[in-house]
Amino acid sequence: RLGTKEFLTVFQHLSGSEWSLNISQSLDDTLQPLLRIVQVSAFSTLIVLALIFLIFASLFHRLIVARLQAMLQIIGAVRGGDLSQRLPHRPRQPDEIAELTDAFNAMIEQLEHTVTDLNGEIQVRRETEAVLAHHQENLEKIIEQRGAELKKEMLERQRAEDRLIRAEKLEMIGTLAGGVAHDLNNILSGI
């Protein structure tokens, strides 16, 4: 150190002589290229790290975020009732998102089969209800016809019974009249 300046001094003894080589340089001049190298290295490292971050962010977006956004769109369509939607399958990328996609597509297919089965059952029930309603109408008509026939038959029976009672009364009156006439005839024959 000489005053306020610092110097770097290097001594090298020359072999085979009594001489030595002495190099002296200001420490600021000596460290200036090293400082420049550190600055350039730090700047280069930041640029490389920024590029790596951008590459990873782009890959993350393409491999995960974009696929999840597509999945959310399909989920919205399925929630709206469109069961024909499927998530695209990417067999080249066997990762968790692909497994989730396969599971979601399988769930949609199962849901679609269930809805189809339920719609089929609903259709069968509607057809059965229509047939039952038709049979009920027919049964009501048959009951109505039978009721009318029974009323008519009951009226005919009532009339026949009334006629039979009248005929029996007439027969009894005839028998009574015949008996009275016979008794009168017996009394009159004696007279």
Side-chain angles (χ1 to χ4, degrees), residues 1-140:
R1 180 176 275 199
L2 290 174
T4 61
K5 281 195 165 194
E6 293 183 20
F7 287 94
L8 179 65
T9 304
V10 177
F11 296 98
Q12 178 69 38
H13 183 62
L14 296 174
S15 61
S17 74
E18 292 183 18
W19 291 86
S20 65
L21 180 63
N22 179 11
I23 298 175
S24 217
Q25 185 174 5
S26 165
L27 191 58
D28 291 338
D29 292 340
T30 305
L31 294 179
Q32 190 67 28
L34 291 175
L35 181 61
R36 188 82 173 136
I37 290 172
V38 168
Q39 288 173 345
V40 169
S41 296
F43 184 72
S44 300
T45 304
L46 285 177
I47 289 176
V48 168
L49 286 176
L51 288 174
I52 290 172
F53 175 76
L54 289 176
I55 290 170
F56 277 130
S58 173
L59 285 173
F60 180 79
H61 185 272
R62 191 181 62 133
L63 294 176
I64 295 175
V65 174
R67 291 165 67 190
L68 288 177
Q69 287 174 343
M71 191 179 292
L72 286 175
Q73 287 176 347
I74 301 294
I75 288 171
V78 168
R79 185 178 9 167
D82 184 9
L83 297 177
S84 66
Q85 298 288 325
R86 296 292 185 274
L87 291 170
H89 179 70
R90 294 185 176 136
R92 305 179 308 251
Q93 300 172 342
D95 57 1
E96 290 80 9
I97 301 288
E99 290 176 16
L100 182 63
T101 299
D102 293 341
F104 184 75
N105 285 339
M107 182 186 69
I108 292 175
E109 286 179 22
Q110 185 177 9
L111 185 62
E112 186 176 29
H113 290 315
T114 303
V115 167
T116 302
D117 292 344
L118 287 176
N119 285 338
E121 287 182 22
I122 288 171
Q123 184 64 31
V124 166
R125 285 185 185 202
R126 284 182 182 161
E127 291 172 359
T128 304
E129 286 175 359
V131 168
L132 285 175
H134 177 70
H135 286 313
Q136 184 176 0
E137 289 175 10
N138 286 343
L139 186 60
E140 287 174 358

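Counting heavy atoms from C-beta outward, Leu118 and Thr114 have side chains that approach closer than 4.5 Å. Put simply, the side chain of Leu21 does not reach to within 4.5 Å of the side chain of Phe11, judged on heavy atoms. The shortest side-chain heavy-atom distance between Asn22 and Thr9 falls under the 4.5 Å cut-off. Between Ile47 and Phe43, the closest side-chain pair of non-hydrogen atoms falls below 4.5 Å. Looking only at side-chain heavy atoms (C-beta outward), Ile108 and Val78 come within less than 4.5 Å of each other.
A donor-acceptor contact shorter than 3.5 Å is absent between the side chain of His13 and the backbone of Glu18. A donor-acceptor pair is defined here as one N or O able to donate and one able to accept, closer than 3.5 Å; such a pair exists between the side chain of Thr45 and the backbone of Ser41.
Remark: Ile64 CD1 to Leu59 CG distance equals 9.5 Å, nearest 0.5 Å. Taken to the nearest 0.5 Å, the CE atom of Met107 stands 12.5 Å off from the CG atom of Asp102. The distance from the CG atom of Leu46 to the CG atom of Leu51 is 11.0 Å, given to the nearest 0.5 Å. With rounding to the nearest 0.5 Å, the separation of CD1 in Ile75 from CE in Met71 is 6.5 Å. Interatomic distance, Leu132 CG to Gln136 CD, rounded to the nearest 0.5 Å: 8.5 Å. Atom OG1 of residue Thr116 and atom CD of residue Glu121 lie 11.5 Å apart, to the nearest 0.5 angstrom.
Every side-chain hydrogen bond (donor to acceptor under 3.5 Å, both in side chains) that Asp82 has, sequence neighbours left out, goes to Ser84, Gln85.
For Gln12, the CD atom sits in a loose shell: 12 or fewer heavy atoms of surrounding residues, nucleotides or ligands are nearer than 6.0 Å. Within 6.0 Å of the CD atom in Gln39, the count of heavy atoms belonging to other residues, nucleotides or ligands exceeds 12.
Under the 4.0 Å criterion applied to side-chain N and carboxylate O atoms, Glu112 and Arg86 are assigned as salt-bridge partners.
Asp117 and His113 share no side-chain donor-acceptor pair at under 3.5 Å.
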